[in-house]
Amino acid sequence: MSSAKSASETPRKYQLFIDGQWVDAESGKTFTTPNPATGATLAEVAEGDKADIDKAVEAARRAFEGPWSKVSARDRGKLLYKLSQLIDAKSKELAAIETSDNGKPIKETSYVDLPQVVENFEYFAGWATKIEGETIPVPGQMFNYTLREPVGVCGQIIPWNFPLLMAAWKLAPALAAGNTIVLKPAEQTPVGAMELAALIQEAGFPDGVVNVVPGYGETAGAALASHKDIDKLAFTGSTEVGKLVAKSAADNLTKVSLELGGKAPNIVFADADLEQAVNGAMMGIFFNQGQVCCAGSRLFLDARVKDEFLDRFKEKSARVRVGDPMDKNTQMGPQVSEEQLNRIKGYVDIAKGEGAQVLTGGCPPQLEGDFQKGYFFQPTIFGDVQNSMRVAQEEIFGPVVSVITFENEDDLIKQANEVAYGLSAGIWTKDITRAHRFAKAVHAGVVWINTYNMFNAASPFGGYKQSGYGREMGKHALEMYTQVKSVWVDLSGKPIGWFGN
Ligand code: ADP
């Protein structure tokens, strides 16, 4: 592998990982990726495109039909478990790499991303031996059973907001079920996936089982999504690109799962523990610099507690420590790219134009030294927002929350659901009947009651409406990576009645 300089000052170098080999792109092209905290070049990476995707899909097909199909479920589980252990052993270094690549604080990569990556591989290691068919009680002298088989070659396209964790969510269930994979990491954050590829090689997966081809969305991503020889496409990213990839996959009737954008309602009732709810609102929108598809970006406040809540929320938000993501006390690092930073600034102007008030933040912080070149933005709260405004309807993907006031529960549910997305929702109340009433009424794939942003490898995650389809994690993820074959056996030994005798 041609990677890995330990000092982050010297740009790291990565090739493509295809068929168990580290290779240059066919075109010979490379691209660079910056450290978003300073703008300095972090890595130079081979730039895969259609020719490389073709090679990777061929390798994945050979592995699927050859060596990987002969590996027992138990051995697949052992390989996955070994991988989880290798990641765990290297987690400190990987956390630092992930922070340098994405900008998220080291506290987050160390205590959230890496532990969850390990947990996902560990969890699905256990599933490998538990993927079973069924026997069906059909009438007559017949025996009917099902086989649950892998889908085949899977194309997986992942985003930049949780680079390693998104790779884990996709790779772990696909491998447990016996599929092979071509993974395309996001061009903004390719480094973690390349490091992961090295560990996959070290764990001993046969060549071609996992191929990692970094490159741009419009070239490598589009080539993967439209490839005739992939059996399944799993995509996480924006709703806009999700629609594009679903359309191109439809030409080949490739099976597709999509985990897309969100504009989640996070709702605070007057009877909530306000201190907890304030912390939950902050966790909902400022975690990972707001670059979370399930971010609680529409904060619905009960009119009876709005003023008190906002006083506390503003005060705490203004105190969020934004800065050097490698500092363990930092709570928010930079946004991932200049493009994302500009998008957020654009939405501040849109919000003002729509009549919303900036209650706190609304611009980049004053930082010193190299961090002046980073893509930082302050925690930002918009007050006086109507649910119909663009800042309440469109995904901003930054630390920007829109506050909407509500008077009663019926009106609230209507507004909470009046949005194109349906990924997640939060509610803060001590009234358990109200909480469960809401959980049932809200159109969202995940609901958090008196908490926010909780995840576990065993619990499914995915969206309603334009937030996508399919569920990642938990046993539901295996549905996406297996297909069912129904087998009929005659037990009578007699000729078929219709045309017999
Ligand atoms: P964001 O807007 O958050 O950057 P995207 O949806 O653009 O998210 O990107 C998510 C992933 O999709 C990335 O790996 C990106 O390279 C890829 N991608 C972007 N455009 C396309 C496309 N036209 N076809 C396939 N993949 C794409």
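All residue numbers in this chain count up from 1 along the given sequence. Both ligands and their constituent atoms are indexed starting at 1 by order of listing.
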Checking Glu44 against Thr30: is there a side-chain donor and acceptor pair closer than 3.5 Å? yes
Thr236: numbered ligand 1 atoms lying under 4.0 Å from its heavy atoms: 10 (C)
Gly237 heavy atoms, cut-off 4.0 Å: which ligand 1 atoms fall inside? 6 (O), 10 (C)
Would you check if Tyr14 and Pro214 make a side-chain contact, meaning some heavy-atom pair closer than 4.5 Å? no
Pair up each side-chain donor or acceptor in residues 250-262 with any protein partner under 3.5 Å, not counting sequence neighbours, and list the distances.
unit_1, atom_1, unit_2, atom_2, d
Asn252, ND2, Ser226, O, 3.0
Asn252, ND2, His227, O, 3.4
Ser257, OG, Lys232, NZ, 2.8

Would a search of protein heavy atoms around atom 9 (O) of ligand 1 find one under 4.0 Å away? no
Pair Lys345 + Asp349, salt bridge at N-O below 4.0 Å: no
Where is the nearest protein heavy atom to atom 25 (C) of ligand 1: which residue, which atom, and how far? Gly221 C, 3.2 Å
Atoms of ligand 1 under 4.0 Å from any heavy atom of Ala222, numbered from 1 in the order shown, are 24 (N), 25 (C)
Quick note on ligand 1: atoms under 4.0 Å from a heavy atom of Val245 include exactly 24 (N), 25 (C)
Among all protein heavy atoms in this structure, tell me which lies nearest to atom 18 (N) of ligand 1, with the distance rounded to 0.1 Å. Gly217 CA, 3.3 Å
Does only the side chain of Phe397 get under 4.0 Å from ligand 1, or the backbone, or both, or neither? Count heavy atoms. neither
Carboxylate-amine/guanidinium proximity below 4.0 Å for Asp207 and Arg62: no
So does Val191 get a backbone contact from the side chain of Arg12, meaning a donor-acceptor N/O pair under 3.5 Å? no
Distance flag, aromatic centroids of Trp448 and Tyr452, threshold under 6.0 Å: yes
Please could you name the atoms of ligand 1 that Val241 approaches to less than 4.0 Å, counting only its heavy atoms? 6 (O), 7 (O), 18 (N), 19 (C), 20 (N), 21 (C), 22 (C), 27 (C)
When you look for heavy atoms under 4.0 Å from ligand 1, do you find them on the side chain of Leu224, its backbone, both, or neither? neither
Quick one: nearest non-hydrogen protein atom to atom 14 (O) of ligand 1, plus distance? Ile158 O, 2.8 Å
Below 6.0 angstrom between ring centroids: does that apply to Trp169 and Phe461? yes
Considering only non-hydrogen protein atoms, determine which one is nearest to atom 17 (C) of ligand 1 and report residue, atom name and distance to 0.1 Å. Ile157 CG2, 3.7 Å
Near Trp160, which atoms of ligand 1 are under 4.0 Å from a heavy atom of that residue? 1 (P), 3 (O), 4 (O)
Which of the atoms of ligand 1 are close to Glu187, meaning less than 4.0 Å from one of its heavy atoms? 15 (C), 16 (O)
Is there side-chain contact between Phe31 and Pro190, with heavy atoms separated by less than 4.5 Å? yes
Going by atom type alone, with no hydrogens or angles, which donor-acceptor pairs under 3.5 Å involve a side-chain atom of residues 111-122 and a protein atom two or more places apart or on another chain?
unit_1, atom_1, unit_2, atom_2, d
Asp113, OD2, Lys104, NZ, 2.6
Glu119, OE2, Ala457, N, 2.6
Asn120, ND2, Gln116, O, 2.9

Give a yes or no on whether Tyr464 atom OH has more than 12 heavy-atom contacts from other residues, nucleotides or ligands under 6.0 Å away. no
Looking only at distances, can you tell me whether any N or O atom of Gln340, backbone or side chain, sits closer than 3.5 Å to an N or O atom of ligand 1? no
Can you pull out the closest protein heavy atom to atom 12 (O) of ligand 1? Residue, atom name and distance to 0.1 Å, please. Phe235 CE1, 3.2 Å
Should one rank Ala249, Ser238, Pro190 by closest heavy-atom distance to atom 6 (O) of ligand 1, which comes out on top? Ser238
